[in-house]
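To keep things clear, I will list the structure first and then write my remarks on it.
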Amino acid sequence: QVQLVESGGGLVQPGGSLRLSCAASGSFFRINDMGWYRQAPGKQRELVAAITSGGVTNYADSVKGRFTIARDNAKNTVYLQMNSLKPEDTAVYLCHANVVFGYFGRGTDYWGKGTLVTVSS
């Protein structure tokens, strides 16, 4: 089994910053892509940012220039630095990882339980 545990959410004023972390634990061969999604009340889940095992990144247009994703492969951890936060960034942020269990294995998607980010004055 694989567990993804997020941390770092909370309440922040508009223009502020937060840093989210997500650590993967368990027994597996490797992790392919890792990333962050978010889901606001009444809205569909959307991709915020993703990063490959080689460090190639992808961002939603709404967060480009404000958010930065990074990962530490040795620690199986992905980070999301969020700057210049806006009220519309308020959502539950969920960690995602595509995990492989053998050399020729196919990737399996895993999700964290989510951490709430609230941007409000």
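Every value quoted in this text rests on a predicted model; they were computed, and no experiment measured them. Index from 1, following the sequence.
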Subject >> Atom pair CE/CG of Met34 and Asn73 - distance to nearest 0.5 Å >> reply: 8.5 Å

Subject >> Distance in Å, Gln81 CD paired with Ile69 CD1, rounded so as to fall on 0.5 Å steps >> reply: 12.0 Å

**OP:** Answer with yes or no whether the hydrophobic clustering places Tyr37 together with Leu116; edges join I, L, V, M, F, W, Y residues whose side-chain heavy atoms lie under 4.5 Å apart.
**Re:** yes

Subject >> Note: Lys86-Asp89 ion pair, threshold 4.0 Å (strictly below) >> reply: no

**OP:** Going by the side-chain contact (heavy atoms from CB on, under 4.5 Å) test, name the single residue among Ile31, Val2, Asn98 that passes it with Tyr110.
**Re:** Val2

Subject >> Approximate separation, where rounding is to 0.5 Å, of Met82 CE and Arg19 CZ >> reply: 11.5 Å

Original post:
Atom NE2 in His96, atom CG in Leu4: separation rounded to 0.5 Å?
Top reply: 8.5 Å

Original post:
How about Gln39: does its CD atom have over 12 heavy atoms from other parts shown lying under 6.0 Å from it?
Top reply: yes

Original post:
Does a donor on one side chain and an acceptor on the other come within less than 3.5 Å for Ser53 and Asn32?
Top reply: no

Subject >> Geometric class of the Phe67/Tyr93 ring pair [parallel <30°, tilted 30-60°, perpendicular >60°] >> reply: tilted

Original post:
Checking Arg71 side chain against Thr52 main chain: does a donor-acceptor pair fall under 3.5 Å?
Top reply: yes

Subject >> Leu47 versus Ala60, closest heavy-atom pair with distance >> reply: O-CB, 3.3 Å

**OP:** Taking all non-hydrogen atoms of both residues into account, name the closest pair between Val48 and Leu80 and its distance.
**Re:** CG1-CD2, 4.1 Å

Subject >> Heavy-atom pair of closest approach, residues Ser84 and Ser17 >> reply: N-OG, 4.4 Å

Subject >> Connected via hydrophobic side-chain network under 4.5 Å: Leu94 and Tyr59 >> reply: no

Subject >> Stepwise side-chain contact (heavy atoms from CB on, under 4.5 Å) check, Asp72 with Tyr79 >> reply: CA-CA 8 Å; Asp72 184 333; Tyr79 307 95; 4.2 Å; yes

Original post:
Can you name the closest pair of heavy atoms from Leu18 and Leu85 and give their distance?
Top reply: N-CD1, 3.9 Å

**OP:** Carefully, step by step, assess Arg38 and Ser62 under the rule side-chain contact (heavy atoms from CB on, under 4.5 Å).
**Re:** CA-CA 12 Å; Arg38 66 187 180 188; Ser62 59; 3.4 Å; yes

**OP:** Take atom CD of Gln1 as the centre, draw a 6.0 Å sphere, and report whether it contains more than 12 heavy atoms from other residues, nucleotides or ligands.
**Re:** no

Original post:
Sub-3.5 Å donor-acceptor pair from the side chain of Ser121 to the main-chain atoms of Gln13, do we have one?
Top reply: no

Subject >> Connected via hydrophobic side-chain network under 4.5 Å: Leu20 and Val12 >> reply: yes

Subject >> Parallel, tilted or perpendicular: rings of Phe101 and Phe28 (30°, 60°) >> reply: perpendicular

**OP:** For the pair Glu6 (side chain) and Lys113 (backbone), establish whether a donor and an acceptor sit closer than 3.5 Å, ignoring hydrogens and angles.
**Re:** yes

Subject >> Over all atoms of both residues, closest heavy-atom pair of Ser120 and Pro14 >> reply: C-CD, 3.6 Å

**OP:** Start with the C-alpha distance between Cys95 and Trp36, add both sets of side-chain angles, then the distance that settles side-chain contact (heavy atoms from CB on, under 4.5 Å), and finish with yes or no.
**Re:** CA-CA 5 Å; Cys95 177; Trp36 293 93; 4.1 Å; yes

